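Following: one structure in structure tokens, then a few remarks.
Residue numbering restarts at 1 for every chain, and letters A, B, ... go by the order of the sequence lines. The model shown is predicted, which means the values in this text are computed figures rather than measured ones.
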There are 2 protein chains.
Amino acid sequence: MRLSEGVEWTVHCCTLLAGLPPDAALSAKKLAEFFDVPPDYLAKHMQQMSKAGIVNTKKGPNGGYSLAKPARDITLLDMVEAIDGRVCSFKCTEIRQRGPSGVSPCSYKTPCGIARAMRKADQVWRDELRKTTLADLQIIGLRETPPEQMNKAITWLKGLFT
Amino acid sequence: MRLSEGVEWTVHCCTLLAGLPPDAALSAKKLAEFFDVPPDYLAKHMQQMSKAGIVNTKKGPNGGYSLAKPARDITLLDMVEAIDGRVCSFKCTEIRQRGPSGVSPCSYKTPCGIARAMRKADQVWRDELRKTTLADLQIIGLRETPPEQMNKAITWLKGLFT
DNA sequence: TAATAACGGATAAAATATATCCGTTATTAT
DNA sequence: ATAATAACGGATATATTTTATCCGTTATTA
Ligand code: SF4
Ligand code: SF4
């Protein structure tokens, strides 16, 4: 019951992209360098973000990833689901149909109470994640990032776009 | 991001135990037979339920598992946490401390906005699971289980306690 | 006293998550 | 034009976690 590491990586990448000047893009390689994570693996994750319509991509020199829409239109749920999918965390294997009391599958028209409660909980989890947007995270980041780190990051970014 | 199968198994086991006559117990072997799951593995899970204080155990012939408290005092969350633990599904690896913009760890006193939003979502998920009790599941089961299956189950159980 | 059953520890097997590699295509700076 | 860059997809490889089994011990009871 754990979200993949890729979620943390890509959400961080998006907050970084959100702070970039318009038209600027960052390659998977550069993003990986910034966060010190495996470049090839991060690239795979960013491709999922691309398929989910969260980021745009541009091939060739000076290409890379940029946000596909305004930060306030990208929710935390969007990013989580792009990496970890949309299936409910509870997987029902229909064990009620097995064993000495099992009856024919067609007797079960609806998921049982257990599955329903689990799905409801999954739903409120997703609803909560939908409440936070990338813009929110960006604002929190701007407010809470230590000045020293902010300077370092700006310096590093400037070195790229010159 | 998936709950272990053990959750489905043990919740089902608890609903079965909830329907048993007082003082009756069912062994892991019998429970496994009823649900057609691997006996040894289910036994491991039931031991976790025991450690969590959800079921009582009795050794020796006619021993086995029984509920440790009234069904209405056992929540779905209790059972989920007994098997899958209490740690938040989002694991923060503190990548903000790494890479060219990283600064000393002591600069970060609080978890960032991403981690906070994730934990909040995890919290509402658990809160929702806490709303459903084993008694609720039992009632739903009694109402929705096909009569044919109910009869089979009762017959099977009767065969054990004679 | 023999059978039963929980318990804990040690593996073993299977499945999934993490990570790397490579060839292809598109793009751009030179 | 050409060389370098970068996303993309597919094919692995490696590590970790989940699932499953096995065994010796202790407690209980018929
Ligand atoms: S009874 Fe509910 S949880 Fe159990 S197998 Fe059926 S749908 Fe799944
Ligand atoms: S910034 Fe937040 S999510 Fe990222 S590593 Fe730090 S606490 Fe974790």
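Pairing for dG8(C) goes to dC23(D), judged as Watson-Crick or G-U wobble with the two contacts each under 3.5 Å. dT29(D) and dA2(C) make up a base pair, with Watson-Crick or G-U wobble contacts both under 3.5 Å. Look at dA1(D): its Watson-Crick or wobble partner, with both distances under 3.5 angstrom, is dT30(C).
Residues Phe35(B) and Trp9(B) keep their aromatic ring centres 6.0 Å or farther apart.
In the set dC22(D), dA7(D), dT28(D), the nucleotide with an atom closest to the side chain of Ala28(A) is dA7(D). With dT28(C), dT28(D), dT21(D) as the candidates, the nucleotide lying closest to the side chain of Pro38(B) is dT21(D). Distance from the side chain of Glu5(A) is smallest for dT18(C) among the nucleotides dA6(C), dT5(D), dT18(C). When each of dT4(C), dC21(C), dA6(C) is scored by its nearest atom to the side-chain atoms of Pro61(B), the top-ranked nucleotide is dT4(C).
Salt-bridge annotation for Arg126(A) and Glu81(A): present, with a side-chain N of the basic residue lying under 4.0 Å from a carboxylate O of the acidic one. The existence of a salt bridge linking Glu94(B) and Arg96(B) is confirmed by a sub-4.0 Å separation between a basic side-chain nitrogen and an acidic carboxylate oxygen. A salt bridge is defined here as a Lys NZ or Arg NE, NH1 or NH2 lying under 4.0 Å from an Asp or Glu carboxylate O, and Arg119(A) with Asp122(A) fails to meet this definition. Taking a cutoff of 4.0 Å between a charged side-chain nitrogen and a carboxylate oxygen, Glu5(B) and Lys91(A) do not qualify as a salt bridge.
dT17(D) atom P lies 16 Å from atom CE of Met1(B), rounded to whole Å. When the P atom of dT18(D) is taken as reference, atom CH2 of Trp9(B) falls 14 Å away, rounded to whole Å. Rounded to whole Å, the distance from NZ on Lys91(A) to C1' on dT18(D) is 13 Å. One atom, CD of Gln47(B), and another, P of dT26(D), lie 16 Å apart when rounded to the nearest Å. Straight-line distance from the CG atom of Leu31(B) to the P atom of dA5(C): 11 Å, rounded to whole Å. Whole-Å rounding puts the Glu8(A) CD to dT18(C) P distance at 11 Å. To the nearest angstrom, C1' of dA17(C) lies 12 Å from CD of Gln48(A). Put simply, CE on Met46(A) is 9 Å from P on dA7(D), counting in whole angstrom units.
Listed pair Thr57(A) / dA6(D) fails the phosphate criterion, with no side-chain N or O lying under 4.0 Å from OP1 or OP2.
Residue contacts for Asn62(A): at a heavy-atom cut-off of 4.0 Å it reaches the sugar-phosphate backbone alone, with no base atom in range. Lys44(A) comes within 4.0 angstrom of a nucleotide base, judged by non-hydrogen atoms across all strands. Within 4.0 Å (heavy atoms only), Ala43(B) reaches no atom of the nucleic acid at all.
When side chains are defined from C-beta on, Ser89(B) does not count as touching Met118(B), because their heavy atoms never get closer than 4.5 Å.
Comparing His45(A) and Lys58(A), the nucleotide of DNA chain C nearest to each residue sits closer to the 5' end for His45(A). Judged by closest nucleotide on DNA chain C, Ser50(B) is the one of Tyr41(A) and Ser50(B) placed further toward the 5' end. Annotation: of the two residues near DNA chain D, Ser27(A) and Arg2(B), the 5′-most nearest-nucleotide partner is Ser27(A).
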